[in-house]
Amino acid sequence: MTAETPLSPHADGLHIGNSLTREKERFVPINAPYVGMYVCGPTVYSNVHLGNVRTFLTFDVVYRYLLHLGYKVRYVRNITDVGHLTGDTDDGEDKIGKKARLENLEPMEVVQRYTNDFHDVMRVFHILPPSIEPTATGHIVEQIGMISDIIDNGFAYESNGSVYFDVRKFADDHDYGALSGRRIDELQNQTRALEGQNEKRDPLDFALWKKADSSHLMQWPSPWSEGFPGWHLECSVMSTKYLGKTFDIHGGGMDLKFPHHECEIAQNIGAHGGDRPVRYWLHGNMLTVNGRKMSKSEGNGFTPEELITGNHKLLEKGYSPMTVRFFMLQGHYAGTLDFSNPALQAAEKGLERLMSAWGTLNTLQPVEGPEACPDLDALKNRAYAAMNDDFNTPVLIAVLYDAVKAINSMASGRMSVTAEGIALLQALFADFAHDILGLEPEMPEGGGHDRTDGLMEVLCAVRAEAKANKDWATADLIRDRLVELGVQIKDGKDGTSWTFD
RNA sequence: GGUCUGGUGGCCGAGUGGCUAGGCUCAGCUCUGCAAAAGCUGCUACAGCGGUUCGAAUCCGCUCCAGACCUCCA
């Protein structure tokens, strides 16, 4: 996208399900055509799992669609490399520090290893890299600055070298809990009087800065102590640094809604004032497996690599990244999605049919006169309508299948299409299947190598000769042996075509 | 216990107050030497119980169930 790219006329119709208001709202950027989007990235202390992939895939499609509409998107997705404590409490151990200690590594070795893994996974699933991928450790200075601002504004206090956000004070004038639907008094009742909480004025308060003891592997100097920043702080700091004090979209997994995102809002307002630092909050829902929550303790979680190789007891076979991507897009991001072998196999077959018709599109012969096929413009408009309705990819895919049906009918002569119609269909697939859904053929259709093509033509010619002589044994032998090699033979009206599995 | 999100046909999954997505599976048919592919047809669902309505799967209430987060526990 260049600055000259005009905004698509369809951009006006985009509606987004806003978690903050619980309403589907028309998307109006603060400063069109520019859009700022922040998504909470992974904590890099272990391999990413499939639930992570789903979240990042969700926002990948959001990003792709905004780009397609002509927006100039600055997409910031962070890497959490310090501050995320085990148990998500304020007195746990740093997840990365713990891993480093257990494996006798430098914390930054842990960070690098799993950042690399994360990037590899994103790549195989065709998830586009963000515009900026900042790290928490790269923004310690800014985090200290933001803490100072919050203290100056009276919303945080120092206690024994640590700094805590004063939730009660904040809640006097602001709606703490607005995003997650929690009420502060109910939270109060549910919070038990923990040991070691005596540094806090109130159990609801959360850490902005933690004083570190000498055993802590990662620590930095600050006005308050040698220590490290609280987990929620980095996202406030990095989002406002790169997107401004008020920006358009903030995304993340549903599980981050509380307390992480709630605290982010409080921090932003506590530091900069205002009342709504983020216009649209989007939350991707969770992935379940065979109807049960995916978790390591139940042994039903698997890594992307296990999924692709099929090397896991719950997997009947391996599934390609595109199959998984397509499968996930067949459900809406805001709902839970159940991951099962039959569902994956269905997606695999469905994707194959979709891709196959996409390939067929290039072989269609146009007619001169009036075409006999469904209204292709209507198809395109339905595709936009689907995406404009809170990124409804399942409905978009249904529209694409209507196109598939039309293409196959055109190929077999039951329908006809003009050159203009073919171009429209090609644009439909290029825009929606490729650019927006991020689907690509994983194997070159029909080889693409001259020598392979030549060999196949020879074989098909020999087989055609055998068929002409009603030598079915020879014809079937060629076909069966090719199937064993993963080459599928299809006898059509206009001759024989072939595809690789 | 609290907050939130869901419960749709054999499976996965959209959706709107009335005109019953889509994919996969299964059965039949067409095409085909036989297949494969493709097309056509069929299988017609909305957790349960009430209520609102001319009409609800779609709105309201209650019940049951599942999941997430908080809590608890480790």
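Naming: A, B, ... by sequence-line order, numbering from 1 per chain.
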Checklist entry - Listed by chain and number, what are the side chain to side chain contact (heavy atoms under 4.5 Å, CB included) partners of A:Asp389, not counting sequence neighbours? => result A:Lys24, A:Asn392
Item to check | Separation between the C1' atoms of B:A56 and B:A47, rounded to whole Å | outcome: 16 Å
Item to check | A:Arg101: salt bridge (charged side-chain N to carboxylate O under 4.0 Å, His left out) partners, not counting sequence neighbours | outcome: A:Glu93
Checklist entry - Just by distance, do the side chain of A:Tyr63 and the backbone of A:Thr58 share a donor-acceptor pair under 3.5 Å? => result no
Checklist entry - Distance between the P atoms of B:G2 and B:U16, in whole angstroms? => result 30 Å
Next on the checklist: Less than 3.5 Å apart, any donor N or O on the side chain of A:Asp81 or A:Tyr45 sitting next to an acceptor on the other?
Outcome noted: no
Checklist entry - Roughly how far apart, to the nearest Å, are B:U25 and B:C60 at atom P? => result 38 Å
Checklist outcome for this item: Re B:C11: Watson-Crick or G-U wobble partner, both distances kept under 3.5 Å, found to be B:G23
Next on the checklist: Regarding A:Ala343, tell me which of base, sugar-phosphate or nothing describes its non-hydrogen contacts under 4.0 Å with the strands shown.
Outcome noted: sugar-phosphate
Checklist entry - What does A:Leu337 touch in the nucleic acid at a heavy-atom separation under 4.0 angstrom: a base, only the sugar-phosphate, or nothing? => result sugar-phosphate
Item to check | A:Leu204 CG - B:U71 P separation (whole Å) | outcome: 10 Å
Checklist outcome for this item: A:Leu351 atom CG is separated from B:C12 atom C1', nearest whole Å, by 15 Å
Checklist entry - Choosing from B:G15, B:C24, B:U5, which nucleotide comes nearest the side chain of A:Arg22? => result B:U5
Checklist entry - Roughly, in whole Å, what's the span from NE2 in A:His332 to C1' in B:C12? => result 17 Å
Next on the checklist: Is it true that A:Thr21 and A:Glu25 share a donor-acceptor pair across their side chains at a distance under 3.5 Å?
Outcome noted: yes
Item to check | Between B:U3 (C1') and A:His260 (NE2): distance, integer Å | outcome: 19 Å
Next on the checklist: What's the gap between B:G42 and B:G23 when it is taken at their P atoms, as a whole Å value?
Outcome noted: 14 Å
Item to check | Base-pairing mate for B:C69 - Watson-Crick or G-U, with both contacts under 3.5 Å | outcome: B:G2
Checklist outcome for this item: Atom CG of A:Asp338 and atom C1' of B:C65 are separated, to the nearest Å, by 15 Å
Item to check | Between B:A35 and B:G28 - P atom distance, rounded Å | outcome: 12 Å
Checklist entry - With the sugar-phosphate defined as primed atoms, P, OP1 and OP2, and the base as all remaining atoms, what B/S/- string results for nucleotides 38-46 of chain B, 5' to 3', for protein heavy atoms under 4.0 Å? => result SSS------
Checklist entry - With A:Thr474, which residues qualify under side chain to side chain donor-acceptor pair (under 3.5 Å), at least two apart? => result A:Asp471
Checklist entry - So does A:Lys317 pair up with A:Glu348, basic N to acidic O under 4.0 Å? => result yes
Item to check | Given B:A14, B:G23, B:C70, the nucleotide with the shortest approach to the side chain of A:Pro259 | outcome: B:C70
Item to check | Atom-pair distance (NZ on A:Lys317; C1' on B:C24), nearest Å | outcome: 13 Å
Checklist entry - Using purine N1 to pyrimidine N3 plus N6-O4 or O6-N4 for Watson-Crick, or N1-O2 and O6-N3 for G-U wobble, each under 3.5 Å, what pairs with B:G55? => result none
Next on the checklist: Rounding to an integer number of angstrom, what distance separates B:U58 and B:U53 when you compare their C1' atoms?
Outcome noted: 13 Å
Checklist entry - By side chain to side chain contact (heavy atoms under 4.5 Å, CB included), which residues pair with A:Pro42, not counting sequence neighbours? => result A:Val44, A:Val48, A:Phe56, A:Ile79, A:Phe118
Checklist entry - Using the P atom in both, what is the distance from B:C59 to B:G6, to the nearest Å? => result 11 Å
Checklist outcome for this item: In whole angstroms, the gap separating P of B:G23 from CG of A:Leu437 amounts to 16 Å
Checklist outcome for this item: A:His232 atom NE2 is separated from B:C70 atom C1', nearest whole Å, by 12 Å
Next on the checklist: What contact category does A:Gly331 fall into here, base, sugar-phosphate, or nothing, at under 4.0 angstrom with non-hydrogen atoms?
Outcome noted: sugar-phosphate
Next on the checklist: Taking salt bridge (charged side-chain N to carboxylate O under 4.0 Å, His left out) as the cut-off, I'd like each qualifying pair that reaches into residues 50-61 of chain A, sequence neighbours left out, listed once.
Outcome noted: A:Asp60-A:Arg64, A:Asp60-A:Arg325
Checklist entry - Roughly how far apart, to the nearest Å, are B:U52 and B:C43 at atom C1'? => result 34 Å
Checklist outcome for this item: If pairing means Watson-Crick or G-U wobble with both distances under 3.5 Å, then the partner of B:A47 is B:U63
Checklist entry - RNA chain B: A:Asn285 or A:Lys24, which has the more 5' nearest nucleotide? => result A:Asn285
Checklist entry - Any idea which of B:C4, B:G33, B:U25 is nearest the A:Arg463 side chain? => result B:G33
Next on the checklist: Return the pairing partner of B:C29 with a 3.5 Å limit on both distances, Watson-Crick or G-U wobble; otherwise return none.
Outcome noted: B:G39
Next on the checklist: Side chain of A:Phe327, heavy atoms from C-beta onward: which of B:G22, B:C24, B:C12 has the nearest atom to it?
Outcome noted: B:C12
Next on the checklist: Which is more 5' along RNA chain B, the nucleotide nearest A:Met286 or the one nearest A:Thr336? Just name the residue.
Outcome noted: A:Thr336
